[in-house]
Amino acid sequence: MDLSGLSVSSVISFSAAPPLFSNVYVGHKLDFKFPLTVSSIHFICSAIGAYLVIKVLKLKPLIVVDPEDRWKRIFPMSFVFCINIVLGNVSLRYIPVSFMQTIKSFTPATTVILQWLVWKKQFDGRIWASLVPIVGGILLTSITELSFNMFGFCAALFGCLATSTKTILAESLLHGYKFDSINTVYYMAPFATMILAGPALLLEGSGVVLWFQSHTSLLSPLIIIFGSGVLAFCLNFSIFYVIHSTTAVTFNVAGNLKVAVAVTCSWLIFRNPISAMNAIGCAITLLGCTFYGYVRHMISQQSPGTPRTPLTPRSLMELVPLVSDKLDDKV
């Protein structure tokens with residue numbers, strides 16, 4: 001986790017604030033409280049954006065992927081990506097942005113736990129020690145949260161697990177199979193739209209129709225809603241760009257830097273109440289995440305053997321590259 005990689009990750013993490021607050025504005029100010037529909041719009045915009053970049057503007061060559069590989073390697077990541085986005089939008093309906101972002105700061109810890117449990121990766125004791133303040137700060141924040149809601153808390157917590165899984169799978173795809181960020185969005189977004197469109201139509205279709213009927217002027221709200229989709233495309237591209245340029249861990253650690261911004265903006269813009277104990281819990285979590293990032297950096301500077309990582313092939317199938325080696329110079 002070098003300084004340049006962390007700097008890039010930090011810039012992208014702060015750039016996640018506009019899409020986040022646009023989602024809150026769409027839900028609370030426009031009363032468009034349909035998280036599945038909002039997520040579907042975001043992925044449609046992402047698919048259109050990636051198509052324009054690759055097919056129309058030709059800024060990046062298309063990497064051709066066999067249909068079988070799309071279903072085996074890209075679809076699972078798309079599915080987890082959908083779960084992550086939907087849980088985030090659902091949690092914003094019940095808990096403030098500040099509280100959701102504090103829970104999301106647990107992501108580096110869940111990334112470590114998932115790699116240890118699923119991928120059997122061993123971690124230095126200092127890594128486990130750094131998880132204590134992260135967990136403790138989140139518990140303190142949860143107990144003292146003035147706008148606590150159990151359903152919103154659970155949605156944000158499971159969203160945290162989905163974020164960790166998504167970044168691990170994305171790192172494996174981008175690093176292990178020689179993909180790039182815009183091609184990842186190009187293949188991921190249609191899958192995600194397909195996954196969400198049916199549930200959105202079934203569960204929220206009637207509500208969306210009523211929302212349209214209750215608004216006499218639709219131009220301004222629709223511009224804002226689809227504008228949030230454009231921001232979502234930029235954010236999705238940025239996420240994969242950072243993971244491609246650095247690692248999943250660097251991305252997750254740097255992502256915690258935006259928590260302080262989210263807490264401040266949540267209080268300034270939406271006037272969500274924040275108690276003193278809530279602020280202390282958030283500060284402890286941020287300090288724990290900072291220590292976690294420092295430990296990871298120190299360990300990465302050591303010269304050493306090569307422990308098993310999520311990118312290590314576990315079967316012969318994983319040894320086969322996702323794309324032809326002839327395309328390597330185009331990535």
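Since the model is a prediction, treat every value here as computed from it, not as a measurement.
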Are the side chain of [X] and the backbone N or O of [Y] linked by a donor-acceptor pair below 3.5 Å?
X    : Y    : value
N236 : T184 : no
D180 : N183 : yes
Y186 : I63  : no
R70  : V65  : yes
S164 : T107 : yes

Check against side chain to side chain contact (heavy atoms under 4.5 Å, CB included), V38 and I225: CA-CA 8 Å; V38 169; I225 292 172; 5.6 Å; no
All side chain to side chain donor-acceptor pair (under 3.5 Å) counterparts of E68, not counting sequence neighbours: K72
Counterpart residues, side chain to side chain donor-acceptor pair (under 3.5 Å), relative to T193 (two or more places apart): none
F75 and W71 aromatic ring geometry - parallel, tilted or perpendicular at 30°/60° bounds: tilted
Rounded to the nearest 0.5 Å, what's the gap from [atom1] on [X] to [atom2] on [Y]? Could you check?
X    : Y    : atom1 : atom2 : value
N84  : M77  : CG    : CE    : 11.5 Å
F32  : T37  : CZ    : OG1   : 5.0 Å
F237 : I182 : CZ    : CD1   : 5.5 Å
C82  : F43  : SG    : CZ    : 4.5 Å
S40  : E204 : OG    : CD    : 8.0 Å
F191 : L196 : CZ    : CG    : 13.5 Å

Under a single-linkage definition using a 4.5 Å side-chain heavy-atom cutoff for Ile, Leu, Val, Met, Phe, Trp and Tyr, are [X] and [Y] assigned to the same hydrophobic cluster?
X    : Y    : value
V53  : V56  : yes
L201 : V208 : no
L218 : I224 : yes
V185 : L57  : yes
F151 : L87  : yes

For [X] and [Y], which heavy atoms make the closest approach, and how far apart are they?
X   : Y    : result
V64 : Y187 : CA-OH, 3.6 Å
H42 : G229 : CD2-CA, 3.4 Å
V80 : A162 : CG1-O, 3.3 Å

Does [X], at its [atom1] atom, have more than 12 non-hydrogen atoms belonging to other residues, nucleotides or ligands within less than 6.0 Å?
X    : atom1 : answer
F291 : CZ    : yes
W116 : CH2   : no
M298 : CE    : no

Heavy-atom side-chain contact between L62 and Y51 under 4.5 Å: no
